[in-house]
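In what follows, chains are A, B, ... by sequence order, proteins preceding strands, each numbered from 1.
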Amino acid sequence: MVRVLSRHLIKLNLSNLSRHYHSNHLQLQQQHNLSLPGSLSLFEYQRQQLQLLEAQLIYVLDRCNNLAQLKQTHAQLLRKYLDQSSFVLTKFIRVSTKLNVSIGLYPRLVFDQVRYPNPFLWTALIRGYSILGPFDESVVVYNCMRRGGIRPMSFTFSALFKACSGLFNVGLGRQLHAQVVWIGGYHDDLYVSNTLIDMYVKCGFLECGRRVFDEMGERDAISWTSLIVAYTKSRDMEAAAELFDGLPDKDMVAWTAMVTGYAQNAKPKEALKLFESMQDAGVNTDEVTLVGVMSACAQLGAGKYARWIRDVAEKAGLSPARNVVVGSALIDMYSKCGSLEEAYRVFQMMEVRNVYSYSAMIVGFAMHGRVNEAMSLFYEMGQTDIKPNKVTFIGVLTACSHTGIVQQGRQIFSNMDKDYGVAPSADHYACMVDLLGRAGHLEEAYELVKTMSVEPHGGVWGALLGACRIYKNPEMAEVAAKHLFELDPNDIGNYVLLSNIYALAGKWDDVSRIRKLIRTRGLKKNPGCSLVEAKDGVIHEFFAGDMTHPKSKEIKEALEELLQTLRLEGYKPILSSVVHNLSDEEKERLLKTHSEKLALVFGLLTTSPGSVITIVKNLRICEDCHIVICGASKVTGREIVVRDNMRFHHFHDGVCSCGDFW
DNA sequence: CTAGGGTTAG
């Protein structure tokens with residue numbers, strides 16, 4: 001028997017892939033229980049032979065890695081022997097889907113040759129369209145299937161719901177939801193219900209998803225997680241947490257969803273705390289979990305945590321050398337925590353890099369004002385076959401703008417479409433307006449906005465408004481602000497910026513007009529807040545004017561002492577950094593309550609002399625604080641790193657890496 | 001089969 005089959009296989013002139021199969025066919029025979037008894041009928045023999053061939057084809061198909069191999073397999077084997085085997089063709093379409101082979105072309109041609117497709121084959125096609133698109137084709141195929149009198153399977157509905165999410169068409173989803181019951185009778189099917197929840201929440205109908213969830217007789221972790229994610233995406237962390245607490249068997253995905261949810265909702269402390277509980281609960285960690293945690297850590301800029309997370313990753317066998325995702329996330333985390341050197345070390349040790357790794361590194365260099373490194377990395381990237389994308393260009397352009405390299409920025413901006421096929425988006429225009437405006441080319445920046453190829457968004461006008469602040473141009477500021485108040489009426493930052501511009505120009509009437517506007521629109525100013533790490537890695541938070549920290553008294557005294565030293569060196573408070581119409585004494589008093597000053601002094605008081613003090617601030621650093629920290633780095637000999645909402649400032653011996661251009 | 005994810009921004 002073995003010999004008969006072997007001869008048969010050789011006769012088929014099999015490809016390399018199937019020769020590999022050949023060596024395994026003995027094992028396969030055992031799996032399929034193909035030992036041949038003496039008195040086997042011819043029919044039975046043929047049936048078994050067919051079964052073996054099917055198994056062989058599945059084996060070959062499973063090992064196809066591209067369209068060419070798929071076509072070869074089809075040409076050699078399918079057409080000759082098994083074009084009518086729905087079993088094999090279903091596999092064929094599934095493999096095509098997995099390999100991203102456009103369903104509309106080759107797989108569809110194969111499908112259309114089949115005279116009597118079975119429900120599995122129909123479903124595979126629908127599923128293919130629902131994953132690769134065009135999504136509406138799923139529905140077209142489904143209708144054909146119904147007209148052919150084929151009863152849909154539960155998988156069929158799942159695929160269709162996926163297509164509905166892709167189409168963002170809840171109406172269609174509802175129609176199909178009704179059919180689940182009266183055509184399929186699948187209303188108790190866990191799998192169908194889970195995809196149904198997902199469809200509703202992806203279409204933005206969270207409450208409908210919730211209703212399905214509430215009415216389910218049986219739920220699994222997937223049902224819970226779908227809903228948890230929906231709540232985190234709609235920024236309702238309370239609801240998400242409530243669900244999460246009620247989930248009896250929390251698996252890694254559920255934990256990750258929650259951790260990532262906190263990170264994405266600007267609650268990094270909660271994210272890190274939850275990750276710690278996740279570790280305590282003995283749940284595994286994979287790269288997806290790490291991406292969320294690292295993003296949280298990057299937001300906080302917490303150095304101690306960063307090192308701990310790195311350890312966790314290494315212990316989980318996720319090393320940046322081997323894993324691109326982990327590597328790229330690490331680069332981002334380290335550079336946002338202030339250690340650009342560590343970030344670059346990670347970048348260098350990565351064996352595989354992709355556009356994320358390069359972009360993260362370029363953006364890292366840009367944030368730290370290292371324009372030369374950013375540029376040379378960008379050109380180095382050009383030597384690889386990794387294509388830059390829109391984010392890469394944002395990195396390159398912000399690098400230019402942080403150092404005022406106008407000419408090079410202009411050139412890259414005007415050639416990015418032609419040379420790299422990345423058409424400038426509104427974000428890129430914003431970078432460009434920032435670059436031009438910051439360098440003092442206000443008119444050119446305004447011209448650029450007026451001639452944009454895409455609609456300007458808040459970022460573009462905001463960049464112009466920022467430039468108007470630096471170059472004290474209240475007239476142009478009003479134009480920019482008018483657009484901003486229409487585009488982002490609830491963004492408090494724009495109102496504050498405009499009122500600051502008026503204040504700088506001494507237009508106090510306009511200042512109070514804007515203040516009133518803020519009040520009538522019910523907006524709240526977000527207070528300045530600075531984070532600094534104590535010796536033990538604990539992060540301390542300081543708000544502007546807040547004296548509730550236990551060490552407040554000491555901080556106040558030490559700050560007074562520091563300022564006195566600086567005054568001897570010629571420091572004078574920059575009173576214009578205070579944008580309230582107050583007496584000079586009041587202004588000076590207010591300056592001393594800025595959160596970054598409190599954080600600085602706390603750092604000086606509590607950390608060991610050789611270490612770097614890293615401060616993370618939520619708003620832009622003010623000029624007075626910049627000068628004070630500069631001076632502090634000189635008189636104390638300490639290295640001080642400040643991250644504000646724009647970029648990094650490295651203070652060393654009385655000099656800042658930004659060159660006072662920020 | 002169905003659930004979690006990456007770099008950016010004024």
Self-check item: Protein proximity profile, nucleotides 2-7 of chain B - base contact B, sugar-phosphate-only contact S, no contact -, cut-off 4.0 Å on heavy atoms
Solution: BBBBBB

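To the nearest 0.5 Å, atoms OH (Tyr186(A)) and CD (Gln179(A)) are separated by 12.0 Å.
Applying the side chain to side chain contact (heavy atoms under 4.5 Å, CB included) rule to Arg94(A) yields the partners Thr90(A), Ala124(A), Arg127(A); only residues at least two apart in sequence or on another chain are considered. Shown here are the side chain to side chain contact (heavy atoms under 4.5 Å, CB included) partners of Thr403(A), two or more places apart in sequence or in another chain: Val371(A), Ile405(A). For Ala254(A), the side chain to side chain contact (heavy atoms under 4.5 Å, CB included) partners are Thr225(A), Phe244(A), Leu247(A), Asp251(A), not counting sequence neighbours. A search for side chain to side chain contact (heavy atoms under 4.5 Å, CB included) contacts involving Met349(A) returns Arg310(A), Pro320(A), Ala321(A), not counting sequence neighbours.
As rounded to whole Å, 17 Å separates atom C1' of dT8(B) from atom CE of Met432(A). As a whole-Å value, the separation of Asp488(A) CG from dA9(B) C1' is 12 Å. With rounding to whole Å, Phe155(A) atom CZ is found 6 Å from dC1(B) atom C1'. Between Phe393(A) atom CZ and dA9(B) atom C1' there is a gap of 16 Å when expressed in whole angstrom units. If you measure from atom CD of Gln299(A) to atom P of dT8(B), you get 10 Å, rounded to the nearest angstrom. Whole-Å rounding puts the Trp461(A) CH2 to dG10(B) P distance at 17 Å. As rounded to whole Å, 18 Å separates atom P of dG10(B) from atom CZ of Phe485(A). Atoms NZ (Lys98(A)) and P (dC1(B)) sit 11 Å apart, rounded to a whole Å.
Counting any heavy atom pair closer than 4.0 Å across all strands shown, Asp189(A) reaches no nucleic acid atom. When heavy atoms are screened at a 4.0 angstrom cut-off, Leu484(A) is found touching base atoms of the nucleic acid.
Listed by first then second residue, pairs satisfying salt bridge (Lys or Arg N to Asp or Glu O under 4.0 Å) with a partner in residues 213-237 of chain A read Arg210(A)-Asp214(A), not counting sequence neighbours.
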